[in-house]
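Below is one structure, written out as structure tokens; the observations come after it.
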2 protein chains.
Amino acid sequence: MARPERKTVRDVRKGNRGMLLRTLYFGGPRSRHELTGLTGLSAATISTMTGDLLTEKILMEAGQVDSDGGRPRVLLRVNPVYAYLIGVDVAETHVRVELFDLEMTEKARVDYTLRPSHHDIELVARRILAGIDVVLADGQVTAAQVLGVGIGVPGIVERGASDALIHAKTFGWDGVPLGALMRAGTSLPVFIDNGAKTMGQAELWFGAGRGADHAVIVLIGSGVGATVVADGQAVRGTSNSAGEWGHTKIEMNGRPCRCGSRGCLEAYIGAEGLLARAGVPAQTTDWPSALGRVLADGGPVVDETLTYLGTGLANLINMLNPERILIGGWAGLMIGERHLDQIRVVVGENSLTQPYNATSIVLGELGPDAVAMGAATLVLEEFLDASAPLRLHVAS
Amino acid sequence: MARPERKTVRDVRKGNRGMLLRTLYFGGPRSRHELTGLTGLSAATISTMTGDLLTEKILMEAGQVDSDGGRPRVLLRVNPVYAYLIGVDVAETHVRVELFDLEMTEKARVDYTLRPSHHDIELVARRILAGIDVVLADGQVTAAQVLGVGIGVPGIVERGASDALIHAKTFGWDGVPLGALMRAGTSLPVFIDNGAKTMGQAELWFGAGRGADHAVIVLIGSGVGATVVADGQAVRGTSNSAGEWGHTKIEMNGRPCRCGSRGCLEAYIGAEGLLARAGVPAQTTDWPSALGRVLADGGPVVDETLTYLGTGLANLINMLNPERILIGGWAGLMIGERHLDQIRVVVGENSLTQPYNATSIVLGELGPDAVAMGAATLVLEEFLDASAPLRLHVAS
DNA sequence: CATGTTAGTTCAATGCGTGAACGAAACGGC
DNA sequence: GCCGTTTCGTTCACGCATTGAACTAACATG
């Protein structure tokens, strides 16, 4: 029963300011006059608030537009170089650090290859910290101009009372305090979340999920996960591990899954399980091409996969009644590009009419590269929500 | 991307007032002094606000308590007879109308038997309206003292742009505008929701779900449904039909379900499916005793049922990471009372360690009678949230 | 250059929460 | 019975928020 916080008059300002900022961020350049309509605020408030934001350089003017017969309207927009965001993608084979401006335009990036079985947490933390320095130098940005660092990691990010702990079996991480390690090396604010979640966040904000209040973004790679969005908010659960769609059971006594259980959806539609079922040799390394060949050849395994996938999606629809389902992840996109229509048919057969008709099933627009961008989005979200007399942070 | 509304200073008051009211409603009688700590508001604000609420008679004094060595504290509480709530349970065999005071104490009730296949919407609406008059008379309450009427109905309640439409196959209702029919006969505010959801609401507020921010309340009767609560709010989905847990698929090509599909969870753990699988003759009418015998006899069907139930719950845990799962519904309670431990074992085997350890699985505390109470809770919620200079409504 | 129209700003009014000063109601010690 | 102490509760000036109304700014047209 999430109890609301105490509010004071200043919170009103903070909330309205955030709303104005969001409107301008997503609603393109607008005049003050248009903003009154879009935000519901009075012209007086818009005037003073935009005044503040302009002197803070969070907003900037963006030309004029004639307004038939009267004073022309001055367009306002978010100043993309007011501040910068850093997004990090920690994956099995690499650590990528990217620098974005406020509009999510990439200004610099650096990749570090991770050798398999070299996932030592200290090493990863060092790579990230080094990467931050590199992108700042390349992008000619000082740390003081950066709002924060978002990091997308594999596995479960447990948000307990104190610091976030990361559990990633494949990395051998069991309760690793990455946040604390980062803070030891930088004074920038750090936000950490599961990589599938940050990718979902990216799709929701900048991809095919724009504007959806109720959505599920499913990620199909070698593993399978999902981001659930209800009322515009990501559902995180009590310890931030919601969304483990891949390990929901779709078949009693089904195929063994690498999680140790049986009949998990991931064992059927995850790339690893799919390729194994199609008889692709286990030592194959180029999974995408192998999957491409399997999909091109067709056959019962592909049909079966579509049935499992469609049924899994139907379960989401029945359970959560989203207005949109996005299919993403490299394997998900490959499957979806070829067979989206058939997936829709299977979903229709396995979900209730009412919620099925309310849902559209589409492909993600952003590639797998979106993990870092989504991570940076965590910082952006913080900025838009609480930008109040914004304090930029001191460099490390 | 649920955008927040414009806020003004008065919304601050409304919000804080609601918080104070909730604190007092659920936190028993408290002194003004204690309220400052519990709400975070200053003593000054508490003083003026409780003053207002006392003159409005929403609050009342509730005795004094010595405070060692100083002025004794005056306890305040919500005035239970400030206003009343009406809850309605529309079920297959009856329409029940109940009158509650603000503390959810039942003041009057009336039942109307519904003959099978006599679910004409006009008839049901007439029964409800008549029932309202009866409970008001019995409880010696005028319509002006009633905050509203909550109605729990079977099937899907579609909240579209205009009025709520109800789809209930078993009733032959397909897009029935019950709300409009009610408003034609009474001027009381009407709130309609699915009966399983209202029961979930009741458990969440007054039953075993108290205080849980992330919970799933599963209802197992002849059908199977669930209420998902995330961040203290019920997840409704885009057309208010979220929670159809019973028709998620747990087995590919499994048993046929009455929904027309196959392998639905409901076909295994719903009372109807369970009894059929146990070989109980279809013409049996006393399902509870039949289920009791099946459970007492044990055997493979029962084990199988527990496996299906546990797996279905494990899917919820993996997907939603709740802190608590409540098992309710008459069949759910019967199964849970005997086999809760075994259910927990199965759940543990089929869910990921992390989220499993974060969840407690418990039985519901409220019987099936809670549908009407939960429906009335819809009205209560409205009152606590927006009680602002509360307007009581004119009688019909 | 006067007029009309649209865009944006300024200002007094009103509402809210807060801290500080103040008032109220008990107890304990003498 | 009186006085100091402690705790509870109220009052009031202040700062900050939005707002409507009056006002200024900047254009087009004739």
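The model shown is predicted, which means the values in this text are computed figures rather than measured ones. So you know, we letter chains A, B, ... as the sequences are listed, proteins then strands, and number each from 1.
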Subject >> Comparing Arg6(A) and Ala43(A) on DNA chain C - which has the more 5′ nearest nucleotide >> reply: Ala43(A)
Subject >> Arg210(A) bridged to Glu365(A) by N-O distance under 4.0 Å >> reply: yes
Original post:
Can you tell me how far P of dC27(D) sits from CZ of Arg73(A), to the nearest Å?
Top reply: 14 Å
Original post:
Taking atom P of dT10(C) as reference, at what distance in whole Å does atom CG of Asp52(A) sit?
Top reply: 12 Å
**OP:** Under the side-chain hydrogen bond (donor to acceptor under 3.5 Å, both in side chains) rule, collect the residues that match up with Ser42(B), sequence neighbours excluded.
**Re:** Thr45(B)
Subject >> Under 3.5 Å: donor-acceptor pair, side chain of Gln145(A), backbone of Thr142(A) >> reply: yes
**OP:** Could you tell me whether the phosphate oxygens of dG17(C), OP1 or OP2, come under 4.0 Å of any side-chain nitrogen or oxygen in Thr8(A)?
**Re:** no
Subject >> Short side-chain donor-acceptor distance under 3.5 Å, Thr238(B) and Asp213(A) >> reply: no
**OP:** Could you tell me the separation between the CD1 atom of Ile46(B) and the P atom of dG9(D), rounded to a whole number of Å?
**Re:** 11 Å
Subject >> Between dA25(D) (P) and Asp66(A) (CG): distance, integer Å >> reply: 20 Å
**OP:** Give the rounded distance in Å between these two atoms: CZ of Arg32(B) and P of dG9(D).
**Re:** 6 Å
Original post:
Taking only residues two or more places apart in sequence or in another chain, which ones pass side chain to side chain contact (heavy atoms under 4.5 Å, CB included) with Thr8(B)?
Top reply: Arg6(B), Arg10(B), Asp11(B)
Original post:
Would you say the side chain of Arg71(B) and the base of dA25(C) hold a donor-acceptor pair, judged only by whether the two atoms sit under 3.5 Å apart?
Top reply: no
Original post:
Leu59(A) has an atom CG; how far is it from atom P of dG8(C), in whole Å?
Top reply: 13 Å
**OP:** Check whether the side chains of Thr198(A) and Gln201(A) place a donor and an acceptor atom closer than 3.5 Å, and report yes or no.
**Re:** no
Close N/O contacts between protein and nucleotides 11-16 of chain C (under 3.5 Å):
none

**OP:** Nearest-nucleotide wise, let me know which of Ser47(B) and Met49(A) is further upstream toward the 5' end of DNA chain D.
**Re:** Ser47(B)
Original post:
Would Lys14(A) and Asp385(A) pass as an ion pair if we require N to O under 4.0 Å?
Top reply: no
**OP:** Mind calculating the distance between CD (Glu34(A)) and P (dT6(C)) to the nearest angstrom?
**Re:** 14 Å
Subject >> Nucleotide dG9(D), atom P - distance to CD of Gln64(B) in whole Å >> reply: 9 Å
